[in-house]
Trainee: 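Before I ask anything, let me first share the structure, which is written out below as structure tokens.
So you know, we letter chains A, B, ... as the sequences are listed, proteins then strands, and number each from 1.
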Amino acid sequence: MVTAEHILEDLNAPQREAVTTIAGPLLILAGPGSGKTRVIAHRIAYLVDVIGVAPWRILSVTFTNKAAREMRSRVSAHLGEAAGDLMLGTFHSICARLLRTEADRIGLNRQFNIYDDADQMSLMKRACEYANVDTKRFKERAILGAISHAKSELVSPETYARQARDYFGEVVARAYDTYQQLLVENGALDFDDLIVRVVEMLQNHEGLREKYQERFLHVLVDEFQDTNIAQYQLARLFAGKHPNICVVGDPDQSIYSWRSADIRNILNFERDFPDAKTVLLEQNYRSTQNILDAAHAVIAGNKQRKEKSLWTSAGGGEPIVAYEAYDEAEEADFVANEIATLVEEERRPYGEFAVMYRTNAHSRALEEALIRTRVPYALVGGTRFYERREVKDVLAYMRLVQNPHDAVSFTRIVNVPGRGIGTKTLSELDRWAREREVPPYTALQLIAEQENAGAGRSGAGARPIGAKQTRTLIEFQEMIAELQNVAEKNNLSTLLDGVLERTGYRKYLYAEFDEAEADERWENIGELRNVASEYDGLSAGHGLVSFLEDVALISDADTVPDTDDPHSGRVTLITLHSAKGLEYPVVFMTAMEEGVLPHIRSFDDAMQMEEERRLCYVGMTRAKQRLYLIRAFKRYGMGSSSHNPPSRFLKDIPQQLIAQRSAVRSQHEAVERGPSRFREEFARRDERPPVPEELVYAGGERVRHPRFGEGIVVSSQMVKDDQEVTVAFKGEVGIKKLMLSFAPLEKL
DNA sequence: CGCCGTACGGTTTTT
DNA sequence: CCGTACGGCG
């Protein structure tokens with residue numbers, strides 16, 4: 001038996017307060033590295049062990065599945081097996097579980113499939129088609145964004161239509177209505193629906209509402225600053241009977257507003273629960289004072305924030321290293337070399353390092369450099385496993401087996417491997433089905449019956465498509481029916497094998513791709529089979545449901561290697577967003593440039609700019625001992641290269657915290673041992689003539705460029721120790737910005 | 001009618 | 001640079 005003293009030892013005063021304030025609403029504002037995960041775990045242990053709350057009556061919501069696993073293992077350190085009964089997970093996973101449990105009572109198809117981003121897009125295209133949306137004028141992505149946002153605020157299609165004030169709003173309203181109908185027809189829920197449907201369930205079914213409100217004595221929500229309106233509403237509903245709701249968050253770390261996370265939730269919490277107690281966790285146990293001061297200097301640049309102090313008893317620590325590389329290849333080289341040096345000089349395992357970047361595309365150069373230097377790494381995100389084509393294909397077959405009305409999965413694989421079913425056949429089938437107001441798969445069954453009865457081409461119900469295609473489609477439908485049969489009687493890997501065998505998927509891969517690529521793709525299928533075999537212990541139907549659900553709800557951050565595993569000897573490559581909640585002794589933040597961080601798309605919006613700043617703050621505060629802020633003088637992106645000035649956030653960091661590292665040393669190294677491409681680049685850089693200190697070109701001058709042809713100078717300006725000349729070239733080339741030191745311009 | 005080639009456009013972050 | 005859209009061919 002664990003005592004209260006044992007749970008509370010090693011906690012500071014506010015942490016203790018956060019653990020022991022158990023009755024009524026509680027708002028914990030926790031700065032980075034303030035031990036909030038630990039506090040939540042201890043709070044749960046305290047509730048169970050000291051107060052005597054049954055674990056299954058505690059609902060604890062985390063941001064990722066990984067965080068949920070971590071929480072469970074922390075709690076079980078105190079409680080042992082009892083931790084297994086906790087209701088623990090992300091909003092999405094908890095809602096999916098609840099919806100399956102209550103499906104029959106709320107008239108929901110228990111076999112519902114969960115649609116991810118790509119599935120939603122595919123459905124959206126159909127919705128736009130049916131709703132006659134001019135997709136040239138209004139992009140599907142924008143419409144989907146508006147719909148998703150509406151759902152996050154619990155706005156129904158009807159309400160949306162009523163509130164629509166402009167033409168775009170009317171278009172979205174039409175698409176929204178159609179899109180929701182299609183989801184129902186397909187027996188599918190998208191991510192937003194998972195939340196919305198549970199909120200509706202609790203609002204509309206008194207019995208179920210009472211059941212869950214009675215059950216949950218305590219509700220905890222972590223990363224509260226990143227919840228949306230619907231999620232907050234859901235948490236409130238769960239805590240409707242016992243208002244013991246504890247939310248934990250940090251407004252300075254709110255980085256998901258683009259996903260409809262709403263910072264107003266924190267303000268509303270204080271309004272909705274006027275008797276709420278607030279606890280501030282401000283002592284930082286993670287970073288050195290230098291890192292903390294630098295991070296604070298950055299976040300202090302935001303106007304929309306409440307000042308809070310951050311302090312640590314740890315000393316000043318190493319200075320923050322700032323470095324300007326020549327281009328992204330040299331930037332990556334610097335990171336790889338620096339890691340190698342620290343591994344050697346400070347005996348640090350690779351698992352202590354993380355390299356962070358704003359966009360996934362930036363991982364490429366880093367990977368190349370790490371491979372070259374033989375530094376082991378783990379890439380988080382990027383082209384995710386479950387997004388690979390072959391994996392999605394096989395999953396689509398399995399989803400179709402679970403729910404044949406899933407038209408998104410159907411369209412995906414009806415012609416994979418190629419069976420000679422093209423767009424024309426599919427649209428005819430679709431038209432035929434809609435005429436009769438039946439789902440496409442039912443239409444297929446009808447056609448099959450009709451053919452078997454010998455009706456053929458004549459008569460009132462004549463088949464909509466050619467004989468050959470009809471036969472192929474019937475064979476396809478029969479195959480799915482057979483696989484459903486397999487699924488009912490066998491475990492999951494048998495079903496997967498059945499899919500591979502009946503579709504001839506392996507043969508298809510080797511026919512479609514060259515051997516190396518086919519090998520790789522087939523290996524991915526093997527990996528998927530390994531995952532599937534973990535569900536073999538479950539009963540036939542249940543295995544498929546859980547597998548598909550887990551696959552749909554798995555996230556990037558769930559694949560982050562565990563840092564506490566001493567053998568996880570790998571450097572972590574990760575986006576700034578995915579790094580939230582993590583910490584590393586050594587952190588490299590790359591591409592600290594205007595246009596990247598802050599991202600160019602946030603330039604004209606003050607709110608978005610503040611979010612970029614918070615993102616920068618989140619990245620910096622991941623570092624425990626050493627922090628590197630790196631940028632490149634020149635960066636390649638989508639074909640062309642560009643020069644980005646240093647990020648504005650760098651300017652906010654006091655100079656005395658920073659050690660500037662010159663690029664010279666590394667440049668020479670690269671010239672000596674680097675591949676020829678780098679040698680050429682550096683040679684060219686060294687050769688370039690010194691840039692004159694006065695502007696060389698004035699507006700109106702005529703110039704010639706070897707590739708762009710003739711043009712007229714629009715303007716020119718000094719940029720650091722170089723000159724940027726804006727030239728309007730003739731013809732299709734248009735206006736270009738050129739750096740004088742690189743552009744071979746010629747006066748005419 | 002389906003398949004394969006070329007042109008073009010868009011381009012952050014992810015539960 | 002990558003995925004999609006469209007046009008010609010089999």
Trainee: NA contact type, A/F63, heavy-atom cut-off 4.0 Å: base, sugar-phosphate, or nothing?
Mentor: sugar-phosphate
Trainee: Have a look at A/D117 and say if it touches a base, only the backbone sugar-phosphate, or nothing, with a 4.0 Å heavy-atom cut-off.
Mentor: nothing
Trainee: A/Y256: what forms a ring-ring contact (aromatic ring centres under 6.0 Å, His included) with it, not counting sequence neighbours?
Mentor: A/F63, A/W258, A/H577
Trainee: If the cut-off is 4.0 Å, is A/N65 near the phosphate of B/dT15, judged by side-chain N/O to OP1 or OP2?
Mentor: no
Trainee: Could you pull out all residues at least two apart from A/F410 that satisfy ring-ring contact (aromatic ring centres under 6.0 Å, His included)?
Mentor: A/F476
Trainee: Using side-chain contact (heavy atoms from CB on, under 4.5 Å) as the criterion, list what pairs up with A/A30, not counting sequence neighbours.
Mentor: A/I28, A/S34, A/K36, A/V248, A/L281
Trainee: With sequence neighbours left out, write down each residue that passes side-chain contact (heavy atoms from CB on, under 4.5 Å) with A/S546, or none if nothing qualifies.
Mentor: A/Y535, A/L538, A/H542
Trainee: Tell me if the NZ atom of A/K424 is crowded by more than 12 foreign heavy atoms within 6.0 Å.
Mentor: no
Trainee: Using distance only, find each side-chain donor-acceptor pair of residues 87-96 of chain A under 3.5 Å and give its atom names and separation, not counting sequence neighbours.
Mentor:
from, atom 1, to, atom 2, distance (Å)
A/T90, OG1, A/H92, N, 3.4
A/T90, OG1, A/S93, N, 3.0
A/T90, OG1, A/S93, OG, 3.2
A/S93, OG, A/T90, N, 3.1
A/S93, OG, A/T90, O, 3.3

Trainee: If the condition is side-chain contact (heavy atoms from CB on, under 4.5 Å), which residues does A/N415 pass it with, not counting sequence neighbours?
Mentor: A/R419, A/I421
Trainee: Is there ring stacking between A/W258 and B/dT13, where the centres must be under 5.5 angstrom apart and the planes under 30 degrees?
Mentor: yes
Trainee: For the side chain of A/K139, counting heavy atoms from C-beta on, which of B/dG10, B/dT12, B/dT13 is nearest?
Mentor: B/dG10
Trainee: Among residues 596-607 of chain A, which ones have heavy-atom contacts with DNA chain B below 4.0 Å?
Mentor: A/H599, A/R601
Trainee: Listing time: all N or O pairs from protein to nucleotides 2-5 of chain B that are below 3.5 Å?
Mentor:
from, atom 1, to, atom 2, distance (Å)
B/dG2, OP1, A/G422, N, 2.8
B/dG2, OP1, A/T425, OG1, 2.2
B/dG2, OP2, A/K424, N, 3.4
B/dG2, O5', A/G422, N, 3.4
B/dC3, OP2, A/N415, ND2, 3.4

Trainee: For A/E200, which residues count as a side-chain contact (heavy atoms from CB on, under 4.5 Å) partner, sequence neighbours excluded?
Mentor: A/V196, A/R197, A/N204
